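Input: a single structure, listed below in structure tokens.
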Amino acid sequence: MRLANAILQRLCNAILLIAAVIVFNFALIHLAPGDPAQVIAGEMGGANAKILAEIRHAYGLDKPFLEQLWIYVSHVLRGDLGQSYYFNAPVAQLVAQRALATVLLVFSGLIAAIIFGTLLGVFSARRPRGALSHGVTILSLVGYSAPVFWTGILLILLFAAAVPIFPVEGMMDPARTGGGWIGRAIDIAHHLVLPATSLGIVYLAQYSRLARASMLDVLGADYIRAARAKGLSENVVVYKHALRNAILPVVTVAGLDLGRVFAGAVLVETVFDWPGMGRLAYGSILRRDSPTLLGILLFSAVIVIIGNLLTDLAYRLIDPRIRTSA
Amino acid sequence: MSAAPLLQIEHLNVGFDTAMGAIMVVRDLDLVLEEGETLCIVGESGSGKSMTALAIMGLVPEPLRVVGGGSIKLSGEELVGASHRRLRQIRGKRISMVFQEPMSSLNPVFSVGEQIAETLRLHEGLGRRDARAAAIEMLQAVGIPAPERRVDDYPHQMSGGMRQRVMIAMALACRPAILIADEPTTALDVTVQAQIMDLLKDVQRRFGTAILLITHDIGIVAEAADRVIVLYAGRRVEEGSAEEVLRRPAHPYTAALVACAPQQLLLGGERRILPEIPGIVPSLLRMPPGCAFAPRCARATAECHAKAPPLLELSAGRASACWLATELGR
């Protein structure tokens with residue numbers, strides 16, 4: 001019952017938040033320099049003032065700001081994200097085509113980083129002066145400092161040029177035939193390895209460091225000594241009693257990262273020619289294709305909000321102290 | 001000699017090596033705990049009393065360890081050097097421990113019922129439902145009202161006194177022969193302290209548990225102990241029945257501890273300034289060559305500063321490590 005209330009309350013907040021995001025994004029794009037009409041005209045091979053005015057009229061760009069905002073908001077409320085200036089296709093369709101690729105890339109990279117990072121952190125916290133612990137410290141320093149595109153290029157050199165075991169670009173092998181959906185899934189997973197790894201390494205570094213510190217802290221707690229005094233085996237002490245407490249900071253940061261990781265995806269998608277939203281966003285900025293950009297921003301906002309909601313729920317699941325205080 | 005004593009410690013040394021030589025936290029400790037009795041270990045912070053408790057549990061924290069040829073025997077079974085597996089079978093089952101900080105000694109993310117039941121499932125092989133029922137029974141036994149409701153509470157929903165009751169329930173769940181209580185009331189309010197001490201005495205009577213009570217509070221010794229061992233800087237300085245030691249301390253340190261107890265003022269009925277022992281416990285790195293207490297002792301002689309006194313047996317079960325012991329103990 002309490003849980004249902006909490007979810008309901010957060011959903012209401014989320015809806016208000018999304019409404020605010022729609023309005024602010026539109027205003028921001030409107031304030032940004034650059035004229036879509038110029039770009040469209042440029043694509044057509046140049047134009048005079050009369051044609052520019054016609055383009056503005058055709059796209060509604062000559063209307064006052066508030067009227068444009070109203071048109072946009074009312075369309076979005078009806079589920080219509082508008083038409084891309086550049087592709088001349090519905091924005092919803094453009095985003096949908098690429099969203100899955102990006103979500104797949106981002107989530108597999110982030111989730112792998114969280115799982116492996118936490119495990120590395122736990123292992124090294126059990127022997128804080130051991131070789132693995134020092135290894136984790138070095139790895140996290142290097143991994144965290146190295147830019148995503150650079151790690152990507154190194155991975156390409158290593159696993160696509162020197163030891164060619166993974167494909168370098170794209171999401172699927174266009175020449176592949178047959179194999180059914182399982183074959184297709186394997187093909188996508190094969191293409192996913194390098195981009196997800198280069199995206200994940202930064203986060204792996206961060207999570208291993210975070211989990212190590214948090215675990216070291218928890219392992220020194222009185223209740224861990226008390227758990228040992230009960231005669232529990234070391235594995236139960238570490239993975240049941242300690243980890244459940246030590247994982248809380250990891251969950252917090254994971255929720256925040258869910259928003260940040262999309263920014264990193266742009267670079268990875270560029271390096272690996274991944275057909276995702278990051279590159280669409282970048283291109284749309286250059287092309288002043290504001291409807292597409294707005295659609296992408298809205299989608300990202302929704303993902304971040306869902307991510308925060310999930311973090312909240314995970315927290316309540318793990319820590320009873322939050323359950324009662326809310 | 002008939003059967004082996006319940007717990008017998010001989011020549012226990014706990015310490016660690018540093019660049020400046022070995023640092024000993026506990027030195028040459030002998031101790032016997034018989035079934036059903038309460039033995040108090042008294043001393044200031046740093047006297048080695050908690051480390052003795054952890055040594056019995058086999059939980060001495062790194063880099064400390066049991067060194068030398070010391071021995072800890074539980075009903076004749078050697079625990080020093082026993083396998084981890086065997087020690088885990090003993091912890092929580094034959095020997096349990098209650099810690100000083102009830103606020104932080106319970107895991108915040110598990111309900112108190114789960115934490116009690118966990119011990120029962122581990123050592124008694126109970127199923128989920130039986131363990132839960134037994135946990136409720138234990139909560140009842142330690143005087144928690146409405147135990148069938150409180151069993152699902154989390155530690156943060158309980159007060160300090162309640163949590164210490166839960167700790168005691170957890171420790172006693174498997175009916176251990178020995179309960180080690182390390183300053184079990186220090187972190188609690190005075191009124192709650194008395195309740196917890198009463199509870200300990202009560203469960204001891206009901207379950208026949210031997211209690212090794214570690215404290216710095218001479219008042220608790222007077223209230224609860226059958227026998228007492230006084231530790232100073234890792235060494236036994238005095239030992240005997242609680243009554244004798246408190247009435248006629250045979251070591252100046254014990255005498256000073258007794259004089260410092262506020263209860264003395266109440267008994268005396270007169271208002272005077274509470275005495276204190278001047279100075280602090282010597283650093284383990286720079287132990288004086290003679291008696292460790294000599295620098296703080298009002299009665300110290302040249303001999304005390306030069307040579308450490310051995311532990312002298314004054315009468316059966318009564319001993320003191322002081323050159324003036326015979327004179328004092330009369």
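Each chain gets a letter, A, B and so on, in the order the sequences are listed, and its residues count up from 1. Remember, predicted model here, so these are calculated numbers, not experimental data.
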**Message:** Can you tell me how far apart NE2 (His156(B)) and CD1 (Ile322(A)) are? Round to the nearest 0.5 Å.
**Reply:** 10.0 Å

**Item:** Student check: side-chain heavy atoms of His241(A) and Glu118(B) closer than 4.5 Å
**Value:** yes

**CZ/Arg129(B): more than 12 non-hydrogen atoms of other groups inside 6.0 Å** = no

**Complete:** Nearest heavy-atom approach of Ala226(A) to Ser105(B) is CB-O, 3.4 Å

**Asked** Above 12 or not: heavy atoms from other molecules or residues under 6.0 Å from CD of Glu114(B)?
**Response** yes

**Asked** Which residues pass the side chain to side chain donor-acceptor pair (under 3.5 Å) test with Asp182(B), sequence neighbours left out?
**Response** Ser50(B)

**Request:** Sort Val236(A) into side chain, backbone, both or neither according to what part of it lies under 4.5 angstrom from a heavy atom of chain B.
**Result:** side chain

**Prompt:** More than 12 non-hydrogen atoms from neighbouring residues, nucleotides or ligands closer than 6.0 Å to CD on Glu35(B), yes or no?
**Reply:** no

**Request:** Answer with side chain, backbone, both or neither: which region of Leu54(B) has an atom nearer than 4.5 Å to a non-hydrogen atom of chain A?
**Result:** side chain

**Request:** Identify the two heavy atoms, one from Leu122(B) and one from Lys230(A), that lie closest to each other, and give their separation to 0.1 Å.
**Result:** CD2-O, 3.8 Å

**Message:** Arg225(A): which residues meet the side chain to side chain donor-acceptor pair (under 3.5 Å) condition with it, sequence neighbours left out?
**Reply:** none

**Pairwise side-chain contact, Arg228(A) with Met57(B), heavy-atom cut-off 4.5 Å (strictly under)** = no

**Request:** Below 4.5 Å from any heavy atom of chain A, which atoms of Gln89(B) appear? Answer side chain, backbone, both or neither.
**Result:** neither

**Message:** I'd like to know whether OH of Tyr239(A) has more than 12 heavy-atom contacts from other residues, nucleotides or ligands below 6.0 angstrom.
**Reply:** yes

**Message:** Can you confirm whether more than 12 heavy atoms, excluding those of Lys240(A), are under 6.0 Å from its NZ atom?
**Reply:** yes

**Request:** Under 4.5 Å, heavy atom to heavy atom: which of residues 100-130 of chain A reach chain B? Give them by number, or say none.
**Result:** none

**Request:** Taking all heavy atoms of Arg244(A) and all of Phe110(B), pick out the closest pair and write down the distance.
**Result:** NH1-CE2, 3.4 Å

**Pairwise side-chain contact, Asn245(A) with Pro108(B), heavy-atom cut-off 4.5 Å (strictly under)** = yes

**Pick from Leu59(B), Ile90(B), Asn107(B) with the largest number of heavy-atom pairs that fall under 4.5 Å of chain A** = Asn107(B)

**Prompt:** What part of Ala229(A) gets closer than 4.5 Å to chain B, counting heavy atoms only: side chain, backbone, both or neither?
**Reply:** both

**Request:** Working to the nearest 0.5 Å, report the span between OG of Ser233(A) and NE2 of His84(B).
**Result:** 12.0 Å

**Asked** Does anything in residues 163-179 of chain B get under 4.5 Å of chain A by heavy atoms, and if so which residues?
**Response** Met167(B), Met170(B)

**Message:** Restricting to non-hydrogen atoms, name the atom on Asp222(A) and the atom on Ser104(B) that form the minimum distance, rounded to 0.1 Å.
**Reply:** OD2-OG, 2.6 Å

**Item:** Engaged part of Leu232(A) at the chain B interface, taking heavy atoms whose separation is under 4.5 Å
**Value:** both

**Item:** Charged N-O contact under 4.0 Å between Arg88(B) and Glu234(A)
**Value:** no

